[in-house]
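Scroll down for the structure; my scribbles are underneath it.
Within every chain, numbering begins at 1; the chains are lettered A, B, ... in the order of the sequence lines, protein sequences first and strands thereafter. Not measured: the values here are computed from a predicted model.
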Protein chains: 2
Amino acid sequence: MAPAASRPGVLARRMLGVPKNFQGNAEIFGQGEPVDYLYEVVSGAVRSTKVLSDGRRQIGGVYFAGDIFGLEHGNEHSLGAEAVVPSTIRVIKRRTLVQLTADDRALAEDLLAMAMCQVERMHRHELMLIMTAQERVNSFLTEMGQRISIGDVISLPMSRQDIADHVGLTIETVSRIFTDLAGGLTIRLTSARMIVLRDRPARERGTGRGGLLD
Amino acid sequence: MAPAASRPGVLARRMLGVPKNFQGNAEIFGQGEPVDYLYEVVSGAVRSTKVLSDGRRQIGGVYFAGDIFGLEHGNEHSLGAEAVVPSTIRVIKRRTLVQLTADDRALAEDLLAMAMCQVERMHRHELMLIMTAQERVNSFLTEMGQRISIGDVISLPMSRQDIADHVGLTIETVSRIFTDLAGGLTIRLTSARMIVLRDRPARERGTGRGGLLD
DNA sequence: CGACGCCTTGATAAATGTCAAACGTCGTGG
DNA sequence: CCACGACGTTTGACATTTATCAAGGCGTCG
């Protein structure tokens, strides 16, 4: 339902920051780098990643048009960020933005709201991570359905590996659950990255967030 | 190393909010209730919980003296909060606090910093949730070691069930890992809730966050 | 002393990860 | 236009981890 393209964010609406282009898989900032800028997706898709010394990778979040990322407390990024596909990103100096909030109270409130939005998204992510494999994949699909579907069709920008690292499973488990869901008529797989959502009620039942207590 | 008691937080330092007492296991606010107040632990311990309709429970975070909780974006609490042990909590109206930020720029910045602190804590929690059972329990102990140990001794306020729900495991698995760690000389269990940290290097190796890429 | 709550331990089942191979698709070059 | 190769995805057999079910121990408080 949500429009996939051109959803201006807090920065774009105010014409803040400068748009920059990145190729697919290009690094936007690396983990451990100083936190000097704030970023907003104009078009494309971005993943935030953390790589452990043994090679395990976590994808903390995926960001689409209008989403803010790079907001952190410390002086160093604990997660890096990479473009998933060719993307345009608005970049603004953190200090500049903070200075602007002195005059612009609405901007200050938007900033706090964004931080809390981030907290909320992370709550959902955390919740997903304690659920079963089926529920995790279902949650992922439901979230993508809300964020980037056109009608009932989701065009996934990311690989199975990206999904696996986001939901905390292996690529094989994710793949198996996709085929299970397709067999059960919950989704239809036009191709590996083209997904048609079919039975929304069934899928939402499968997210483990039943009724009242969601 | 960290002092367990009397670590005044943002509200206490400014004498904001009114202190209120809660018994152990008393509800401070329920999930689904409107977000009208902000809370700060003066003494004791608080857990934020989410209960799913099928009875599964997640403990999103545990809060000790000086910690803020109850900060959310939406109008309803997506997680509830309960005192773990008898606790004193400062309570302040959210609106009041927001109004105060108009005059007090430092307060506004503290508020944003707290939100980002929360984001950081959640990042660590998320990361923990994709690791193995051993690593999760090790991470938990290391975090408690940093936050509430006196010397090398941790006095846990919460039950095994609370720990299990926080790290996304069953109570049995948590218990087994505790005894394994005690057998391996990483910790010593004076009693079920009295833990002496022994081999810090070994434990930190066991958190899965090796070297550079932490 | 007894009962209750919490914690531990054991046996077994279920879920997920690992390793290996086959399959498809897409772009390149013959 | 077709063949080939690279890469991502799917599938299968098997190993490992963790959950489940059940029982027993331990400490505390009446």
Look for any protein N or O under 3.5 Å of an N or O in nucleotides 24-27 of chain C and output each such pair with its distance, or none.
none

Atom pairs, protein N/O to nucleotides 27-30 of chain D N/O, distance under 3.5 Å:
none

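Considering all non-hydrogen atoms of both residues, A:Val167 and A:Met128 come closest at CA-CE, 3.5 Å.
As rounded to whole Å, 16 Å separates atom P of C:dG5 from atom CG of B:Asp162. Remark: C1' of D:dT18 and CG of B:Asp180 are 13 Å apart, rounded to the nearest angstrom. If you measure from atom CG of A:Asp165 to atom P of C:dG17, you get 11 Å, rounded to the nearest angstrom.
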Donor-acceptor contacts, no H, no angles, side chain residues 19-28 of chain B, under 3.5 Å, sequence neighbours left out:
residue	atom	partner	partner atom	Å
B:Asn21	OD1	B:Thr88	OG1	2.8
B:Asn25	OD1	B:Arg47	NH2	2.9

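Applying the salt bridge (Lys or Arg N to Asp or Glu O under 4.0 Å) test to B:Glu143 and every residue at least two apart in sequence or in another chain returns B:Arg147. A:Arg121 meets the salt bridge (Lys or Arg N to Asp or Glu O under 4.0 Å) test with A:Asp67; sequence neighbours excluded. For B:Arg13, there are no salt bridge (Lys or Arg N to Asp or Glu O under 4.0 Å) partners, not counting sequence neighbours. In terms of the salt bridge (Lys or Arg N to Asp or Glu O under 4.0 Å) criterion, residue partners of A:Arg14 (sequence neighbours excluded) are, by chain and number, A:Asp104, A:Asp110.
Looking at B:Arg7, its side chain never comes within 3.5 Å of a backbone N or O of B:Val42 through a donor-acceptor pair. A donor-acceptor pair under 3.5 Å links the side-chain atoms of B:Ser139 to the main chain of B:Glu135, judged by distance alone. In this structure a side-chain-to-backbone donor-acceptor pair under 3.5 Å is present from B:Arg90 to B:Leu16.
Sorted by first and then second residue, the pairs that involve residues 149-175 of chain A and meet ring-ring contact (aromatic ring centres under 6.0 Å, His included), not counting sequence neighbours, are A:His125-A:His166. Residues in residues 182-193 of chain B take part in no salt bridge (Lys or Arg N to Asp or Glu O under 4.0 Å) pair, two or more places apart or across chains. The ring-ring contact (aromatic ring centres under 6.0 Å, His included) analysis of residues 23-42 of chain B, with sequence neighbours excluded, yields the pairs B:Phe29-B:Tyr39, B:Phe29-B:His77, B:Tyr39-B:Phe69.
Defining each end axis of the helix from C:dC1-D:dG30 to C:dG30-D:dC1 as the rotation carrying four pairs' C1' atoms onto the next four, with five pairs an end, the two axes are found to diverge by 20° to 10 degrees.
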Practice item. Using the side chain to side chain donor-acceptor pair (under 3.5 Å) rule, take A:Thr49 and A:Gln31 through it: C-alpha gap first, then chi angles, then the decisive distance, then the call. Key: CA-CA 8 Å; A:Thr49 65; A:Gln31 75 193 72; 5.0 Å; no
Exercise for review: Report, as a single string ordered 5' to 3', how protein heavy atoms within less than 4.0 Å touch nucleotides 6-16 of chain C: B base, S sugar-phosphate only, - not at all.
Suggested key: SSBBBB----S
